[in-house]
Engineer: 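First, the structure itself, so that you have it in front of you.
Here the structure is a predicted model, which means the values were calculated and not measured.
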Amino acid sequence: MSVTGTPVALLYQAQQPPARNGILKPMKPGGYSDSGADIAYALREKQVPVSTPVMHPQLMIDLDWVFPDTEAGILHALSKGAQVLWLNTILYNGHPVEAFLKRGIAAVGQLPRNTDLYDDKWTTNKLLQKNNLPIPPAILINKDNLHDYQLNFSFPVVAKPIRGRGSDGVQVVDTTEGLNKVLAEMFAEDKYGTAVYVEKFLPGREVTITVMPPGKYMLKDICQEKINYWSLPPVERFNHEDGVAPYNGTVAVVNNSRVLDDAQLQSAAIITLCKQCESAAALVGAKAPVRIDCRQDEQGRYFLFDLNMKPNMTGASRPHRMDQDSLSALAARKIGWTFADLLENMLRQQWRM
């Protein structure tokens with residue numbers, strides 16, 4: 001099965017999403033233009049037609065490869081011949097791309113309304129818990145109850161933004177005094193909004209699982225139809241800093257992550273965990289890869305603690321970024337996919353409203 005010859009344009013995040021119930025999602029510097037450029041370059045190298053803002057994009061200039069996710073940016077992409085929009089950006093209800101999707105433009109990525117809903121950790125984890133998926137104990141702490149909240153689980157705990165981005169703002173604290181200090185700082189900074197998500201710290205092994213949507217895929221050079229959500233091999237994270245995996249913009253994930261070995265992949269615990277993550281992806285209606293972070297407690301039981309509707313999708317495509325494979329790209333290599341193969345298979349799952 002060949003990839004469509006329809007021209008593709010990569011969108012990046014040009015503006016911060018609006019607040020939702022007082023909760024803010026901070027922007028990534030560059031708005032994912034780096035991964036967008038990695039994707040565009042890799043697709044073009046595989047002879048997929050890619051529309052770009054300039055006629056001859058420069059290898060090291062990210063913005064030569066991607067269009068802003070504004071109405072003007074999308075119109076520019078379409079004027080350049082794009083017929084598929086790759087939504088490598090943060091989506092939300094009312095996002096400018098919705099008007100174009102309603103006209104029948106094809107997309108790679110999530111539905112904006114689903115991303116808006118499930119970017120909220122509290123909403124998502126309560127949905128997973130309701131469906132008998134293992135979630136760490138957690139509470140919301142608002143500015144209003146900053147001095148009278150009650151934990152129903154023991155320290156240490158993790159304080160994190162409700163609409164977070166990677167490990168940005170995530171902190172492990174050991175005492176009530178330490179938690180109060182972190183909360184006061186987060187609210188004073190006003191970077192994440194009016195509430196903070198606090199959950200029990202899980203001290204065991206951390207793995208992350210990329211779940212692919214149903215569809216037709218090239219696997220071992222054979223076109224195979226996947227009628228259900230399915231997992232790429234889990235990737236273990238190690239060398240945490242203060243109990244938290246460092247931000248990939250600070251430490252490249254290839255330096256602190258590895259795919260589980262064959263024996264580990266065949267263990268009952270990991271097989272069960274993959275099935276649980278696949279169920280979670282189905283619950284949020286994923287139309288593109290999602291990445292779910294999981295960790296063991298003191299007894300070795302795995303919990304799903306973070307569902308990422310938009311996984312980081314950097315990749316080793318451009319010569320100056322050969323150490324920039326994302327966690328999903330690392331997982332894909334285990335099944336024989338290069339970064340470009342992963343992207344081609346994501347492109348095969350394009351959809352229309």
Engineer: Between R321 and D62, is a salt bridge (Lys or Arg N to Asp or Glu O under 4.0 Å) present by the stated rule, with each step listed?
Structural biologist: CA-CA 12 Å; R321 288 173 57 81; D62 295 342; 5.5 Å; no
Engineer: Quick one: CZ on R237 to CG on N256, what's the gap to the nearest 0.5 Å?
Structural biologist: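 One gets 4.5 Å once the value is rounded to the nearest 0.5 Å.
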Engineer: Could you walk me through whether R20 and D119 pass the salt bridge (Lys or Arg N to Asp or Glu O under 4.0 Å) check?
Structural biologist: CA-CA 10 Å; R20 288 289 183 259; D119 244 358; over 6 Å; no
Engineer: Would a hydrophobic clustering, with Ile, Leu, Val, Met, Phe, Trp and Tyr connected at side-chain separations under 4.5 Å, put L111 with L117?
Structural biologist: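 L111 does not cluster with L117.
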Engineer: Do you know which two heavy atoms are closest between Q110 and A288, and how far apart they sit?
Structural biologist: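 Heavy atoms of Q110 and A288 come nearest at NE2-O, 3.1 Å.
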Engineer: Please determine whether side chain to side chain donor-acceptor pair (under 3.5 Å) holds for the pair Y149 and N180, giving the CA-CA distance in whole Å, both sets of side-chain angles, and the decisive distance to 0.1 Å.
Structural biologist: CA-CA 10 Å; Y149 66 85; N180 289 338; 2.6 Å; yes
Engineer: Under a 3.5 Å cutoff, is there a donor and acceptor pairing between the side chains of N345 and K216?
Structural biologist: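 There is no such pair (donor and acceptor under 3.5 Å, judged by atom type) between the side chains of N345 and K216.
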Engineer: CG/N114 to CG/L91 distance, rounded to the nearest 0.5 angstrom?
Structural biologist: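 The CG atom of L91 is 10.0 Å from CG of N114, to the nearest 0.5 Å.
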Engineer: Look at the side-chain heavy atoms of Ile, Leu, Val, Met, Phe, Trp and Tyr, link any pair under 4.5 Å apart, and say whether Y302 and L133 land in one connected group.
Structural biologist: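 Both belong to a single hydrophobic cluster.
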Engineer: At what distance, to the nearest 0.5 angstrom, does CG of D120 lie from OG1 of T124?
Structural biologist: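 One finds 6.5 Å between CG of D120 and OG1 of T124.
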Engineer: Same cluster for V172 and V157 if Ile/Leu/Val/Met/Phe/Trp/Tyr side chains link at under 4.5 Å?
Structural biologist: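 Different clusters: V172 never reaches V157 through Ile, Leu, Val, Met, Phe, Trp or Tyr contacts under 4.5 Å.
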Engineer: Going by atom types alone, do T208 and R291 pair a side-chain donor with an acceptor below 3.5 Å?
Structural biologist: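 Yes, side-chain donor-acceptor contact under 3.5 Å.
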Engineer: Which pair of non-hydrogen atoms, one from F339 and one from I39, has the smallest distance, and what is that distance?
Structural biologist: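 That would be CZ-CG1, 4.1 Å.
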Engineer: Check the side chains of S154 and K200 for a donor-acceptor pair under 3.5 angstrom, ignoring hydrogens and angles.
Structural biologist: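 K200 vs S154: donor-acceptor pair found between side chains.
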Engineer: Decide whether I292 and I135 are clustered together by the hydrophobic rule: side chain heavy atoms of Ile, Leu, Val, Met, Phe, Trp, Tyr closer than 4.5 Å, transitively.
Structural biologist: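 Yes, same cluster.
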Engineer: If you compare all heavy atoms of Y192 against all heavy atoms of G169, which two are closest, and at what distance to 0.1 Å?
Structural biologist: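 Reported closest heavy-atom pair: OH-CA, 3.2 Å.
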Engineer: Please examine the side chains of F67 and S33, heavy atoms only from C-beta on, and report whether any two atoms are closer than 4.5 Å.
Structural biologist: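 No. Closest side-chain heavy atoms not under 4.5 Å.
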Engineer: Does S167 reach the main-chain N or O of V170 with its side chain, forming a donor-acceptor pair under 3.5 Å?
Structural biologist: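 No, S167 side chain to V170 backbone: no donor-acceptor pair under 3.5 Å.
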Engineer: Quick check with a 6.0 Å cut-off and a 45 degree axis cone: is R103 positioned over the face of F100's six-membered ring?
Structural biologist: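 Yes, a cation-pi geometry.
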Engineer: Rounded at 0.5 Å granularity, tell me how far NZ in K126 sits from CG in L140.
Structural biologist: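 So the gap between those two atoms works out to 8.5 Å.
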Engineer: Heavy-atom distance under 4.5 Å between the side chains of R295 and L304, does that happen here?
Structural biologist: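 R295 vs L304: side chains apart.
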Engineer: Closest approach of C277 and I209, non-hydrogen atoms and distance?
Structural biologist: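 In terms of heavy atoms, the two residues are closest at SG-CD1, 3.8 Å.
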Engineer: Verify the neighbour count for atom CD of Q15: are there more than 12 heavy atoms of other residues, nucleotides or ligands below 6.0 Å?
Structural biologist: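 Count over threshold, so yes.
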Engineer: Mind checking whether Y217 and W337 have parallel, tilted or perpendicular rings, split at 30° and 60°?
Structural biologist: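 The rings of Y217 and W337 lie parallel, inter-plane angle below 30°.
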Engineer: Hey, is the main chain of A316 close enough, under 3.5 Å, to the side chain of D325 for a donor-acceptor pair?
Structural biologist: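 Yes, D325 side chain to A316 backbone: donor-acceptor pair under 3.5 Å.
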Engineer: With the side chain counted from C-beta on, respond yes when K181 and V173 share a heavy-atom pair under 4.5 Å apart, and no when they do not.
Structural biologist: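 SC-SC contact between K181 and V173 ruled out.
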Engineer: Would you say L219 and I335 make side-chain contact, with heavy atoms under 4.5 Å?
Structural biologist: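 They are in contact (side-chain heavy atoms under 4.5 Å apart), so the answer is yes.
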Engineer: Assess the residue pair S231 and E278 against the criterion (side chain to side chain donor-acceptor pair (under 3.5 Å)); give the C-alpha distance rounded to whole Å, side-chain angles, the decisive distance to 0.1 Å, and a yes or no.
Structural biologist: CA-CA 7 Å; S231 302; E278 291 157 15; 2.6 Å; yes
Engineer: For the residue pair R301 and P134, establish whether any side-chain heavy-atom pair is separated by less than 4.5 Å.
Structural biologist: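 When only atoms from C-beta onward are counted, P134 and R301 do not touch, as no gap falls below 4.5 Å.
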Engineer: Atom NE2 of residue position H147 - does it have more than 12 heavy atoms of other residues, nucleotides or ligands inside 6.0 Å?
Structural biologist: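 At most 12 heavy atoms, drawn from other residues, nucleotides or ligands, come within 6.0 Å of this atom.
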Engineer: Which value, rounded to the nearest 0.5 Å, describes the distance between D64 atom CG and L59 atom CG?
Structural biologist: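 Answer for the CG-CG pair, D64 versus L59, is 10.0 Å.
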Engineer: So, S35 and D38: side-chain donor and acceptor under 3.5 Å apart, yes or no?
Structural biologist: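 Absent: no donor and acceptor within the cut-off.
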Engineer: Mark yes when over 12 heavy atoms from residues, nucleotides or ligands other than Q150 sit less than 6.0 Å from its CD; otherwise mark no.
Structural biologist: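 Check fails, neighbour count at 12 or below.
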Engineer: Could you tell me whether R163 and D116 have a side-chain N and a carboxylate O separated by less than 4.0 Å?
Structural biologist: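 Salt bridge present between R163 and D116.
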Engineer: Quick check on N21: does its CG atom have over 12 non-hydrogen neighbours (other residues, nucleotides or ligands) under 6.0 Å away?
Structural biologist: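 No, not enclosed.
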Engineer: Got a donor-acceptor contact below 3.5 angstrom from the D261 side chain to the A263 backbone?
Structural biologist: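 Yes.
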Engineer: Could you tell me which non-hydrogen atom of V66 sits nearest to which non-hydrogen atom of G36, and how far apart they are?
Structural biologist: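 Where V66 meets G36 most closely, the heavy atoms are CG1-C, 3.5 Å.
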Engineer: Check whether any side-chain N or O of N131 sits under 3.5 Å from a backbone N or O of L283 as a donor-acceptor pair, and report yes or no.
Structural biologist: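 It does not hold such a pair.
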Engineer: Check whether any side-chain heavy atom of L260 lies under 4.5 Å from a side-chain heavy atom of I270, and answer yes or no.
Structural biologist: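 The answer is yes, as the side chains (C-beta and beyond) meet within the 4.5 Å cut-off.
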Engineer: Within a 6.0 Å radius of atom CZ on R113, are there more than 12 heavy atoms belonging to other residues, nucleotides or ligands?
Structural biologist: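 Not buried by this count: 12 neighbours or fewer within 6.0 Å.
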Engineer: Spell out, yes or no, whether L202 and V244 are grouped together once hydrophobic residues are joined by side-chain heavy atoms under 4.5 Å, including indirect joins.
Structural biologist: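 The answer is no; the residues belong to distinct hydrophobic clusters.
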Engineer: Could you check whether any side-chain heavy atom of P7 comes within less than 4.5 Å of a side-chain heavy atom of S51, counting everything from C-beta outward?
Structural biologist: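 SC-SC contact between P7 and S51 confirmed.
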Engineer: Mind checking the NZ-OH spacing from K121 to Y197? Nearest 0.5 Å is all I need.
Structural biologist: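 Separation between the atoms: 8.5 Å.
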Engineer: For F238, is the NZ or CZ atom of R258 found under 6.0 angstrom from the centre of its six-membered ring and inside 45 degrees of the ring axis?
Structural biologist: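 Flagged: R258 positioned over aromatic ring of F238.
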Engineer: Tell me, do V158 and F201 make a side-chain contact under 4.5 Å, heavy atoms counted?
Structural biologist: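 Counting from C-beta outward, V158 and F201 do come under 4.5 Å.
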Engineer: Is D341 salt-bridged to K46, cutoff N-O under 4.0 Å?
Structural biologist: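 Answer for the salt bridge query: yes.
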Engineer: Counting heavy atoms not belonging to M60, are there more than 12 under 6.0 Å from its CE?
Structural biologist: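 No, CE of M60 has 12 or fewer neighbouring heavy atoms, counting only those of other groups under 6.0 Å.
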Engineer: Check the pair E236, R205 against side-chain contact (heavy atoms from CB on, under 4.5 Å), reporting the backbone distance first and the verdict last.
Structural biologist: CA-CA 7 Å; E236 180 179 5; R205 170 190 279 167; 3.5 Å; yes
Engineer: Can you see which heavy atom on Y92 is nearest to which on P112, and at what distance?
Structural biologist: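 Shortest heavy-atom contact: O-CB, 3.5 Å.
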Engineer: For Y229, is the NZ or CZ atom of K275 found under 6.0 angstrom from the centre of its six-membered ring and inside 45 degrees of the ring axis?
Structural biologist: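 Judged by the rule, K275 and Y229 form no cation-pi pair.
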Engineer: Salt bridge check: are K28 and D168 linked by an N-O gap of less than 4.0 Å?
Structural biologist: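 The answer is no: the pair does not qualify as a salt bridge.
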